[in-house]
Chemist: 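Take a look at this one; I'll ask things after.
Note that the coordinates shown come from a computational prediction; the quantities given were computed from them, not determined experimentally.
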Number of protein chains: 2
Amino acid sequence: MRTVNPEQHARKRAAILAAAAQEFAEKGVDGTSTASICRRAGIGSGTLFHYFPTKREIFHALFADDLEHGARARAAALAADDPREGLDGLVGHLLAGADDPLVPGLMAAALFQVNRDAEFARLLGEDEERTIETLTALLRALADDGRPPVFPPERTARWIQHLVDAVFLAAGDEDFDADRSRAELRTMVDWLLTGGDRTP
Amino acid sequence: MRTVNPEQHARKRAAILAAAAQEFAEKGVDGTSTASICRRAGIGSGTLFHYFPTKREIFHALFADDLEHGARARAAALAADDPREGLDGLVGHLLAGADDPLVPGLMAAALFQVNRDAEFARLLGEDEERTIETLTALLRALADDGRPPVFPPERTARWIQHLVDAVFLAAGDEDFDADRSRAELRTMVDWLLTGGDRTP
DNA sequence: GTCTATATTCAGATAGAC
DNA sequence: GTCTATCTGAATATAGAC
């Protein structure tokens with residue numbers, strides 16, 4: 001009998017998600033029809049629903065895949081020798097992908113969906129919570145090590161998250177330069193961590 | 001003959017905008033029908049289109065009204081005796097309204113609309129540009145006065161704008177506290193302006 | 001109430017793995 | 001040769017605009 005070929009399945013799934021991402025970024029979730037996703041992916045509607053049960057789940061999967069990478073990045077950050085190194089690595093991971101041209105459209109679609117789709121809100125909310133927890137733990141480790149941040153660890157963690165969000169928001173700007181923004185963000189994080197102290 | 005009563009007209013217009021704001025925040029521009037705005041405002045569809053030519057224009061008006069306040073705030077900031085005072089005042093103005101419960105929904109709707117409605121994008125884009133110009137001018141004045149910011153004036157201005165955006169984004173969070181966020185933002189702006197120097 | 005748009009289902013057709 | 005993964009596109013159901 002014929003069996004599932006995991007590689008082939010994964011490849012096609014990824015192709016469908018890529019097509020869906022373009023559509024969602026351009027027209028949002030509600031404005032995108034399953035037919036247009038099928039057209040772009042070059043498949044029939046039956047195939048689409050063979051891979052995903054509903055349109056909403058396609059959108060969720062688009063983000064859920066990234067969240068798994070996030071979990072690994074958090075684990076790596078906590079396992080780092082120096083909390084400061086772990087923190088830098090995690091921030092670097094959070095900023096990855098900021099220069100993807102689909103970011104502005106997908107960000108708008110996601111922000112909109114968070115207000116209307118409770119399950120999606122939970123999905124993103126839990127991931128953000130985990131990130132805050134990890135950042136907070138790293139900041140506490142630094143504080144215990146005699147390097148306390150400017151605000152309390154939990155609030156500093158929130159602000160690092162805010163700064164990352166700000167970079168993603170700026171990604172839609174005319175003159176956005178991902179590398180420059182990343183460098184400036186690092187300077188600001190550095191200040192949040194040290195208050196400008198230059199004691200090595 | 002019967003003449004328009006400007007006060008009555010403005011009152012009704014404001015009432016319609018308030019009803020529309022709720023609908024747009026909940027369901028976005030495309031998801032909102034003119035019928036639902038009429039229902040919430042307690043008016044007939046004929047009345048709605050007497051005040052506004054199209055649904056899109058209602059959405060534009062919602063923001064255009066605020067932008068006029070912005071123009072006045074910028075003028076006041078430039079006229080201040082000390083650039084630092086003008087800057088603080090302008091930042092305060094930009095943060096006003098962050099605790100309005102409709103902010104998360106309207107922010108999502110606006111961000112989405114910017115990607116799809118060129119005229120709306122121009123409306124917000126020009127206002128943002130003016131704000132950046134004003135902030136940049138104030139920062140240059142400070143620099144000429146021997147108080148240069150951490151990044152070049154133009155980039156520092158962008159970051160102040162980004163930080164304000166980030167606070168608005170955070171307004172949807174569970175434990176959002178507008179006053180605390182405002183205070184923290186002021187601390188960070190303070191650092192952007194001085195690099196942590198405590199020379200008075 | 002009618003009518004359009006579109007998410008989802010289903011009955012089949014094809015083809016690869018055993 | 002059989003069985004199932006994979007795919008298709010017409011059919012269905014339904015929501016919402018007018």
Chemist: Near DNA chain D, which residues from residues 40-48 of chain A have a heavy atom under 4.0 Å away?
Modeler: A:I43, A:G44, A:S45, A:G46, A:T47
Chemist: Please report the distance, rounded to the nearest Å, between CG in B:D30 and P in C:dT6.
Modeler: 12 Å
Chemist: Inspect the contact between B:R116 and B:D30 and indicate whether a charged nitrogen and a carboxylate oxygen are less than 4.0 angstrom apart.
Modeler: yes
Chemist: Taking atom C1' of D:dA11 as reference, at what distance in whole Å does atom CZ of A:F49 sit?
Modeler: 14 Å
Chemist: Before you tell me yes or no, could you show the steps for B:V91 and B:L185 under side-chain contact (heavy atoms from CB on, under 4.5 Å), namely the whole-Å CA-CA distance, both residues' side-chain angles and the distance that decides it to 0.1 Å?
Modeler: CA-CA 9 Å; B:V91 169; B:L185 183 137; 3.7 Å; yes
Chemist: Measuring only between side-chain heavy atoms, which start at C-beta, is A:I160 closer than 4.5 Å to A:M188?
Modeler: no
Chemist: How far apart are the C-alpha atoms of A:F24 and A:K55, what are their side-chain angles, what is the distance that settles it, and do they pass the side-chain contact (heavy atoms from CB on, under 4.5 Å) test?
Modeler: CA-CA 11 Å; A:F24 287 141; A:K55 183 170 77 168; 4.2 Å; yes
Chemist: Nearest whole Å is fine: how far is C:dA7 P from A:I37 CD1?
Modeler: 8 Å
Chemist: Once you round it to whole Å, what is the distance between P of D:dT6 and CZ of A:R13?
Modeler: 13 Å
Chemist: Does A:Y51 have a side-chain nitrogen or oxygen under 4.0 Å from the phosphate oxygens OP1 or OP2 of D:dC7?
Modeler: yes
Chemist: Can we say B:R40 and B:E26 salt-bridge, meaning some charged N sits less than 4.0 Å from an Asp/Glu carboxylate O?
Modeler: yes
Chemist: All N/O contacts under 3.5 Å from nucleotides 12-18 of chain C to the protein, with atom names and distances to one decimal?
Modeler:
from   : atom 1 : to   : atom 2 : distance (Å)
C:dG16 : N2     : A:R2 : N      : 2.6
C:dA17 : N3     : A:M1 : N      : 3.0
C:dA17 : N3     : A:M1 : O      : 3.3
C:dC18 : O4'    : A:M1 : N      : 3.3

Chemist: Would you kindly give the NE2-to-C1' distance between A:H9 and D:dT4, to the nearest whole Å?
Modeler: 13 Å
Chemist: When all nucleic acid strands are considered with a 4.0 Å heavy-atom cut-off, which category describes A:T32: base, sugar-phosphate, or nothing?
Modeler: sugar-phosphate
Chemist: Looking at B:D81, B:D82, B:D88, which one forms a salt bridge (Lys or Arg N to Asp or Glu O under 4.0 Å) with B:R84?
Modeler: B:D88
Chemist: Expressed in angstrom and rounded to an integer, what is the separation of A:F52 atom CZ from D:dT6 atom P?
Modeler: 13 Å
Chemist: Apply side-chain contact (heavy atoms from CB on, under 4.5 Å) to residues B:E128 and A:D173 and explain how you reach the verdict.
Modeler: CA-CA 11 Å; B:E128 186 172 313; A:D173 289 359; 4.3 Å; yes
Chemist: Identify all side-chain donor-acceptor contacts of residues 64-74 of chain A below 3.5 Å with residues at least two apart in sequence or on another chain.
Modeler:
from  : atom 1 : to     : atom 2 : distance (Å)
A:D65 : OD1    : A:R13  : NH2    : 3.1
A:D65 : OD2    : A:R13  : NH2    : 3.2
A:R74 : NH1    : A:D127 : OD1    : 3.1

Chemist: Given D:dC7, is OP1 or OP2 found less than 4.0 Å from the side-chain N or O atoms of A:K12?
Modeler: yes
Chemist: Should A:H50 be listed as having a side-chain N or O under 4.0 Å from OP1 or OP2 of D:dT6?
Modeler: yes
Chemist: Do A:D165 and B:H162 have side-chain N/O donor and acceptor atoms under 3.5 Å apart?
Modeler: no
